[in-house]
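Worksheet for the structure shown next.
Quick note on labels: first sequence line is chain A, next is B, and so on, each numbered from 1. Computed from a predicted model, the values in this text were never measured in an experiment.
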Amino acid sequence: RKEVEQDPGPFNVPEGATVAFNCTYSNSASQSFFWYRQDCRKEPKLLMSVYSSGNEDGRFTAQLNRASQYISLLIRDSKLSDSATYLCVVNRNTGKLIFGQGTTLQVKP
Amino acid sequence: GAVVSQHPSWVICKSGTSVKIECRSLDFQATTMFWYRQFPKQSLMLMATSNEGSKATYEQGVEKDKFLINHASLTLSTLTVTSAHPEDSSFYICSAREGLKNIQYFGAGTRLSVL
């Protein structure tokens, strides 16, 4: 079993739609959590950190459920420019980042 | 934000040659740098962790004699793929961390194609 699991998708949604991605992690000692965005053939870029209290950045909302070892990302009012692969990332207590496979989002006009 | 420069961005080489990839932190001191590899449609896999002035720590299954890592200064780490073969063709990405901060900054990646 992978340490960080995501549904690879692809998720095909129309512009303006709301879409949610989920991720589960298996190592309960994981300390911090992130969503990264990766465009085709590019490096990953930090989208946002994820906290148990939930955090919001514009159209993006992230949530962590430590008890269920579950992380979510919600994107409201999808834009064409949101098309990318979204990587769920967990930071072990050693400082290493463990990446999920990524979920591909395609926003259509 | 912090900038990490990775060079070259793209390299094609013949089987059996060695390829060196450089990763530089441009505006901060990177006490720890990480090297990842990503095959098509797969996640980034951590290859090794390198701390300035000490030997790199390799992940299970990564051959340290094949992937030589040198972190000689607080701003530069290099990865050398020795005697590259077609199965080494991949996207190699470095990241750098400043001190014990939680954030890693990524280089733009190097696409290696071995013929």
Side-chain angles (χ1 to χ4, degrees), chain A residues 1-11 21-27 29-52 55 57 62 64 71 84-106, chain B residues 1-11 21 23-25 30-52 56-62 89-113:
Chain A
R1 185 189 171 195
K2 294 177 185 174
E3 188 165 340
V4 179
E5 299 233 36
Q6 293 180 253
D7 178 350
F11 283 58
F21 304 140
N22 304 317
C23 164
T24 57
Y25 62 96
S26 60
N27 190 334
S30 300
Q31 291 195 332
S32 47
F33 310 87
F34 309 91
W35 283 101
Y36 276 74
R37 169 192 170 132
Q38 187 176 26
D39 292 285
C40 188
R41 295 179 171 267
K42 300 283 188 184
E43 78 278 19
K45 292 194 160 101
L46 179 65
L47 182 64
M48 58 200 306
S49 300
V50 190
Y51 307 107
S52 299
N55 51 310
D57 183 2
L64 165 68
I71 304 162
T85 296
Y86 291 84
L87 304 170
C88 176
V89 183
V90 168
N91 190 339
R92 290 180 184 168
N93 55 3
T94 58
K96 298 178 183 178
L97 293 184
I98 307 300
F99 286 79
Q101 181 183 1
T103 299
T104 299
L105 171 66
Q106 290 278 1
Chain B
V3 178
V4 173
S5 171
Q6 187 173 341
H7 178 81
S9 56
W10 185 50
V11 60
I21 303 170
C23 182
R24 292 180 186 273
S25 57
T31 47
T32 307
M33 287 187 171
F34 302 87
W35 287 96
Y36 297 84
R37 181 168 53 181
Q38 186 178 33
F39 292 106
K41 298 190 184 298
Q42 295 187 24
S43 63
L44 275 76
M45 296 298 295
L46 179 65
M47 298 175 67
T49 303
S50 101
N51 293 296
E52 185 265 338
T57 303
Y58 289 81
E59 295 298 300
Q60 192 173 10
V62 178
S89 299
S90 187
F91 190 45
Y92 292 85
I93 310 174
C94 71
S95 72
R97 185 176 72 178
E98 183 180 11
L100 296 178
K101 291 183 180 178
N102 223 1
I103 303 296
Q104 291 183 25
Y105 301 96
F106 284 83
T110 298
R111 197 158 297 280
L112 171 64
S113 295

| said: Nearest 0.5 Å, please: how far is OH in A:Tyr36 from CG in B:Leu44? | reply: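 Taking CG in B:Leu44 and OH in A:Tyr36, the distance rounds to 10.0 Å.
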| With sequence neighbours left out, what residues match A:Pro10 under side-chain contact (heavy atoms from CB on, under 4.5 Å)? |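 Scan of A:Pro10 (side-chain contact (heavy atoms from CB on, under 4.5 Å), adjacent residues dropped) gives A:Asn12, A:Thr104.
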Search all heavy atoms of [X] against all heavy atoms of [Y] and return the closest pair with its distance.
X	Y	result
B:Gly107	A:Glu43	O-CB, 2.8 Å
B:Phe91	A:Gln38	CE2-NE2, 4.2 Å
A:Gly100	B:Ser43	O-CB, 2.9 Å

| Is the count of non-hydrogen atoms from other residues, nucleotides or ligands lying under 6.0 Å from A:Met48 atom CE greater than 12? |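 Result for CE/A:Met48: enclosed.
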| request: Identify which part of B:Gln6 has an atom lying under 4.5 Å from any heavy atom of chain A, answering side chain, backbone, both or neither. | output: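 Neither part; nothing is under 4.5 Å.
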| If you tally heavy-atom pairs under 4.5 Å against chain B, which of A:Lys45, A:Gln6, A:Arg41 wins? |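 Option with the top pair count is A:Arg41.
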| Contact leader toward chain B among A:Gln101, A:Lys42, A:Lys2, where contacts are heavy-atom pairs under 4.5 Å |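 Most heavy-atom pairs under 4.5 Å with chain B: A:Gln101.
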| query | Measuring heavy-atom distances to chain B, does A:Leu97 have an atom under 4.5 Å in its side chain, in its backbone, in both, or in neither? | reply |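 Both parts, backbone and side chain.
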